[in-house]
Colleague: 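The structure under discussion is supplied below as structure tokens; questions concerning it will follow.
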Amino acid sequence: MLHSTQYKQQLLIKNLLFTPIARNDNQEIVYKNNFRMNYKEFKKRVNRLANLLTKMGVKEGDTVAIMDYDSHRYLECYFAIPMIGAVLHMINIRLSHEQILYTIDHAQDDVLFINSDFIPIIEQIKGRIDTVNNYILIADDNENAKSKTIPFIGEYEELLKEQSDEYIFPDFDENRRATTFYTTGTTGMPKGVYFSHRQLVMHTLGALVSLSTHASQGSFHQDDVYMPITPMFHVHAWGIPYMATFLGVKQVYPGKYIPDILIELIDKEKVTFSHCVPTILHMLLSSPKIDNVDLSKWKVIIGGAALTKALVINALKKGIDIFAGYGMSETCPFLSLAQLDLKDLEKDFDSQVNIRTKTGRALGLVELEIVDENMNKVPHNGVSTGEIVVRSPWLTAGYLKDQKNSENLWRNGYLHTGDIANCDENGYFKITDREKDVIKVGGEWISSLELEDIINQHTSVSEVAVIAVFDERWGERPLALVVLKGDYEKTVEKEIIAHTKEFIKKGIMARESMLLKIHFVPSLEKTSVGKINKKELREKYRNM
Ligand code: AMP
């Protein structure tokens with residue numbers, strides 16, 4: 001029981017900034033080649049931003065939205081906006097303008113920060129935005145940025161200069177909503193997920209402890225140099241900017257993701273810790289410039305989609321310490337990591353590749369279960385599959401203003417991920433499919449992810465997506481949409497089929513995979529966060 005005079009300490013985002021693990025005031029925060037500051041200056045800028053917002057009339061509970069690339073300004077918003085008690089809305093800049101309008105309206109944004117690159121989007125919907133009272137321009141390197149129709153009250157840097165660098169941040173209930181962003185589902189308009197101060201602080205502590213306690217592989221520590229390559233609008237760049245700031249490490253924000261700039265920054269700023277979806281790493285490794293850079297100190301967590309063996313092998317050959325992490329927008333996101341123990345590092349190359357591509361072991365404080373349709377737990381034998389359901393202190397309470405989908409997300413007291421997985425005796429999970437991506441061939445399920453993993457290992461294959469297509473006899477059959485590394489030759493198709501059959505013969509793939517069809521495409525459609533868009537591919541090729 002609390003003594004009546006005891007101070008009731010709340011878990012607030014300001015604690016990550018003001019009571020960090022280490023005070024590294026001279027440590028740097030860098031934005032592309034344009035701007036550098038130290039943590040002392042960063043804290044002053046957070047205070048100035050808080051003063052600016054307060055002067056504009058932003059109150060507790062108001063919503064402040066931002067449309068920007070990954071930048072030091074975004075990091076300032078991660079802190080200042082929730083710290084004054086307002087809600088930060090991270091707008092997905094890759095959505096269509098109608099979807100962006102929907103999210104601004106739905107989140108009831110009061111203030112909007114806009115990088116000049118996105119002025120054309122807002123100009124298209126300007127007359128229909130009802131809630132926003134104040135627009136602030138982020139001019140970046142574009143000194144001539146202006147708009148005839150958007151009534152900007154000023155430019156970010158200019159406005160910040162005018163503010164005091166002192167601010168007393170209030171205390172409030174740790175359960176107050178701190179952030180909101182929208183996830184694009186398979187149907188309908190994007191759904192808003194949201195996180196409280198408590199959830200974000202718990203996620204920072206929980207994921208950081210799990211990530212940092214490994215003796216020699218993949219550990220995120222004080223001497224690292226951090227650069228996100230997962231957009232800051234997507235699940236707070238996996239929450240790692242909060243962890244990086246709490247750790248006090250050097251941080252590098254790359255702006256718009258341009259492969260040459262990313263590679264240059266890794267080299268120049270000596271980046272040692274990043275995270276991204278597989279397609280982005282694949283793109284970076286395909287750039288000729290990558291061969292001139294020493295990547296032997298670069299640790300990369302891959303998440304958001306399954307990590308294939310082919311990508312791991314390619315990355316390891318270049319010296320990158322690559323491993324998978326798993327989570328989703330609704331889970332803040334971290335749930336599991338595929339880090340290697342010291343004993344794993346003594347194993348041969350193939351075994352290590354195997355571990356790195358698993359979905360991983362649950363983090364501390366994460367209760368990860370696999371269940372059948374009746375919520376019975378499925379045995380952890382590395383074979384039996386079921387849906388992953390989860391409990392932990394940092395999962396979204398539901399979808400914003402959406403009772404029906406929230407209740408469906410939280411059925412039977414667990415958050416339902418819709419991911420199908422097995423788990424081995426050592427607690428390693430392996431996702432075999434998403435519920436909506438599984439392929440049912442004549443009554444048998446086959447795993448699209450396993451097929452992709454195998455096809456990807458063929459030397460001619462650059463990228464692949466396996467989807468279910470309609471088949472009169474079998475109901476469904478697998479179609480592999482393949483992007484080749486070189487030009488198409490007739491023999492390649494036969495080779496890929498033969499390569500896949502080898503795995504079927506060895507019993508690694510189900511016999512139903514024999515029905516595989518291959519179709520070569522110049523590229524694969526990607527989602528707004530850069531993942532392969534199976535939903536769109538299914539629509540396009542379903543009746544092929
Ligand atoms: P999002 O909400 O866009 O971040 O997507 C989350 C989904 O990405 C999850 O539900 C999984 O289906 C998928 N995903 C994330 N991490 C992994 C992983 N390591 N392996 C396989 N699928 C993953």
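Indexing begins at 1, ligand by ligand and atom by atom, following the structure's order. Computation of the quantities below employed the complete heavy-atom set of this structure, encompassing side-chain atoms and omitting hydrogens, waters and symmetry-equivalent molecules.
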Colleague: Given 3.5 Å as the limit, does a donor-acceptor pair link the side chain of E369 with the main chain of V389, or not?
Modeller: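 Side chain of E369 to backbone of V389, a donor-acceptor pair under 3.5 Å: no, none is there.
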
Colleague: Tell me, which pairs form a ring-ring contact (aromatic ring centres under 6.0 Å, His included) where one or both residues lie in residues 524-544, sequence neighbours left out?
Modeller: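 Checked against ring-ring contact (aromatic ring centres under 6.0 Å, His included) - neighbours excluded - the pairs reaching residues 524-544 are H519-Y541.
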
Colleague: Any idea which protein heavy atom is nearest atom 6 (C) of ligand 1, and the distance to it?
Modeller: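 Protein heavy atom at minimum distance: M328 CB, 3.4 Å.
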
Colleague: At a 4.0 Å threshold, what atoms of ligand 1 neighbour a non-hydrogen atom of I431?
Modeller: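 Here the atoms of ligand 1 in question are 21 (C), 22 (N).
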
Colleague: Measure from the side-chain N and O atoms of T357 to the backbone N and O of N354, and report whether any donor-acceptor pair falls under 3.5 Å.
Modeller: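 Yes, the answer is positive, given that a donor and an acceptor are paired below the 3.5 Å cut-off.
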
Colleague: Output the list of atoms in ligand 1 that are nearer than 4.0 Å to some heavy atom of H234, sorted by atom number.
Modeller: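 So the atoms of ligand 1 that pass are 3 (O), 4 (O).
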
Colleague: If we set the cut-off at 4.0 Å for heavy atoms, which region of R434 has an atom near ligand 1: side chain, backbone, both, or neither?
Modeller: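 For R434, only side-chain atoms sit under 4.0 Å from ligand 1.
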
Colleague: In the protein, what heavy atom is nearest to atom 20 (N) of ligand 1, and what distance, to one decimal place, separates them?
Modeller: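 So the nearest neighbour among protein heavy atoms is A306 CA, 3.5 Å.
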
Colleague: Would G360 count as a contact of ligand 1 if the rule is a heavy atom under 4.0 Å away?
Modeller: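 Under 4.0 Å: no for G360.
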
Colleague: Return the option from A324, A305, G303 holding the heavy atom at the smallest distance from atom 18 (C) of ligand 1.
Modeller: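 Going through A324, A305, G303 one by one, A305 has the nearest heavy atom to atom 18 (C) of ligand 1.
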
Colleague: Any idea which atoms of ligand 1 are less than 4.0 Å away from a heavy-atom of K531?
Modeller: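 The atoms of ligand 1 under 4.0 Å from a heavy atom of K531 are 1 (P), 3 (O), 4 (O), 5 (O), 6 (C), 7 (C), 8 (O).
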
Colleague: Measure the shortest side-chain to side-chain distance between N92 and H234 over non-hydrogen atoms and say whether it is less than 4.5 angstrom.
Modeller: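 N92 does not reach H234 side chain to side chain.
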
Colleague: Would you check whether S329 has a nitrogen or oxygen atom less than 3.5 angstrom from a nitrogen or oxygen atom of ligand 1?
Modeller: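 S329 vs ligand 1: N/O contact under 3.5 Å present.
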
Colleague: Nearest protein heavy-atom contact for atom 10 (O) of ligand 1: which residue, which atom, what distance?
Modeller: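 Here the nearest protein heavy atom works out to D419 OD2, 2.7 Å.
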
Colleague: Of the listed options (S336, G304, G325), which comes nearest to atom 14 (N) of ligand 1 when hydrogens are ignored and any heavy atom counts?
Modeller: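 Checking each option, the heavy atom nearest atom 14 (N) of ligand 1 is found in G304.
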
Colleague: Are side-chain heavy atoms of L247 and L208 found at a separation under 4.5 Å?
Modeller: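 SC-SC contact between L247 and L208 confirmed.
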
Colleague: Under the rule for side chain to side chain contact (heavy atoms under 4.5 Å, CB included), what residues qualify as partners of N374, not counting sequence neighbours?
Modeller: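 Counting only residues at least two positions away or on another chain, N374 forms a side chain to side chain contact (heavy atoms under 4.5 Å, CB included) with D372, N376.
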
Colleague: Do ligand 1 and T183 have nitrogen or oxygen atoms that lie under 3.5 Å from each other?
Modeller: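 In this structure, T183 places no N or O atom under 3.5 Å from an N or O of ligand 1.
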
Colleague: Apply salt bridge (Lys or Arg N to Asp or Glu O under 4.0 Å) to K430 and E450, showing your working.
Modeller: CA-CA 10 Å; K430 177 86 186 169; E450 276 173 32; over 6 Å; no

Colleague: With S448, which of D433, T432, D437 fulfils side-chain hydrogen bond (donor to acceptor under 3.5 Å, both in side chains)?
Modeller: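 It is D433, the one option of D433, T432, D437 that forms the side-chain hydrogen bond (donor to acceptor under 3.5 Å, both in side chains) with S448.
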
